[in-house]
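All values below were derived from every heavy atom in this structure, side-chain atoms included, with hydrogens, water molecules and symmetry-related copies excluded. As the structure is a prediction and not an experimental result, all values here were calculated from the model.
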Amino acid sequence: MTKFEEELSSLPVSKSTNYAEYWNKAQLLTAFKDWQPQQSLPVVPECVRSWIECVKGKNNNALALLDDDNMPDDVNEWLFFQRNDENINLILRAWLDGYTVEKPQLFYLKNKLTTSYLILDTSTGYFEHWGSTEATGRYKSSFTQQEIDSMQTGSYEQIEVAE
């Protein structure tokens, strides 16, 4: 018995025959038999959000989410290179119910020797060292864990960016 049914069974039975004014337990159970508490929306990475919108934009069905030659590599890896089907279920729930996009944790990279911060000039692709993390415009001062993993950051300390 669900919590809703337990609470409902503790209610007194209506003696009224004026159904416009009162409902009895049987009517409530019938009306709410399929009621379920609202579940939170699935949380997916940005690459998965883009893929869902791409597939929907082509007016495809949910099968195209899993079987498309144009699937980006990062989505393919997220879906299929794991030990279970959890992400497959998650993307299908996101297709049906909607979703929220996860906000990746960002880090500053502080050089342990010089105490300067690693900054990326996005227009050139070159890295610079600055005395602060105040990067604007074409400069990027915070990085995701995935980006950090693709760099050689042995002499850098990762500092979490406060939200």
Identified side-chain contact (heavy atoms from CB on, under 4.5 Å) counterpart of V43 within the set L90, T100, V101: T100
More than 12 heavy atoms of other groups within 6.0 Å of K103 NZ: no
Same apolar cluster (I L V M F W Y, side chains within < 4.5 Å links), L41/V44: no
Heavy-atom pair of closest approach, residues A94 and I52: CB-CD1, 3.7 Å
Short side-chain to backbone donor-acceptor contact, T122 and R138, under 3.5 Å: yes
Approximate separation, where rounding is to 0.5 Å, of S116 OG and K110 NZ: 9.5 Å
Shortest non-hydrogen contact from W51 toward N70: CZ3-O, 3.8 Å
For the student: nearest non-hydrogen atoms of N76 and M71, plus distance: CA-SD, 3.4 Å
Any side-chain heavy-atom pair of H129 and N111 under 4.5 Å: yes
Greater than 12 external heavy atoms within 6.0 Å of D73's CG: no
Closest approach of V75 to C47 (non-hydrogen atoms, all atoms of both residues): CG2-O, 3.4 Å
For the student: nearest non-hydrogen atoms of N87 and L79, plus distance: O-CD2, 3.7 Å
Polar side-chain atom of E77 near backbone of D74 as donor-acceptor pair, under 3.5 Å: no
Path from I148 to Y117 over hydrophobic side-chain contacts below 4.5 Å: no
Path from L109 to L113 over hydrophobic side-chain contacts below 4.5 Å: no
Shortest non-hydrogen contact from P45 toward W78: CG-NE1, 3.4 Å
L96 side, atom CG; I91 side, atom CD1 - distance, nearest 0.5 Å: 11.0 Å
Heavy-atom side-chain proximity of D121 to F127 below 4.5 angstrom: no
Parallel, tilted or perpendicular: ring planes of Y139 versus W130, cut at 30 and 60 degrees: tilted
Heavy-atom check, side chain of K140 versus side chain of I119, under 4.5 Å: no
Shared hydrophobic cluster, Y108 / F143 (ILVMFWY, side-chain heavy atoms < 4.5 Å): no
Within one Ile-Leu-Val-Met-Phe-Trp-Tyr cluster: M151 and Y126, side-chain cutoff 4.5 Å: no
Residues K58 and E53 bridged, charged N to O under 4.0 Å: no
Side chain proximity check, S142 to F107, heavy atoms < 4.5 angstrom: no
E46/R49 ion pair, N-O < 4.0 Å: yes
Main-chain N/O of Y156 paired to T153 side chain as donor or acceptor, under 3.5 Å: no
Minimum side-chain heavy-atom gap I88-L65 below 4.5 Å: no
Pairwise side-chain contact, L106 with Q145, heavy-atom cut-off 4.5 Å (strictly under): no
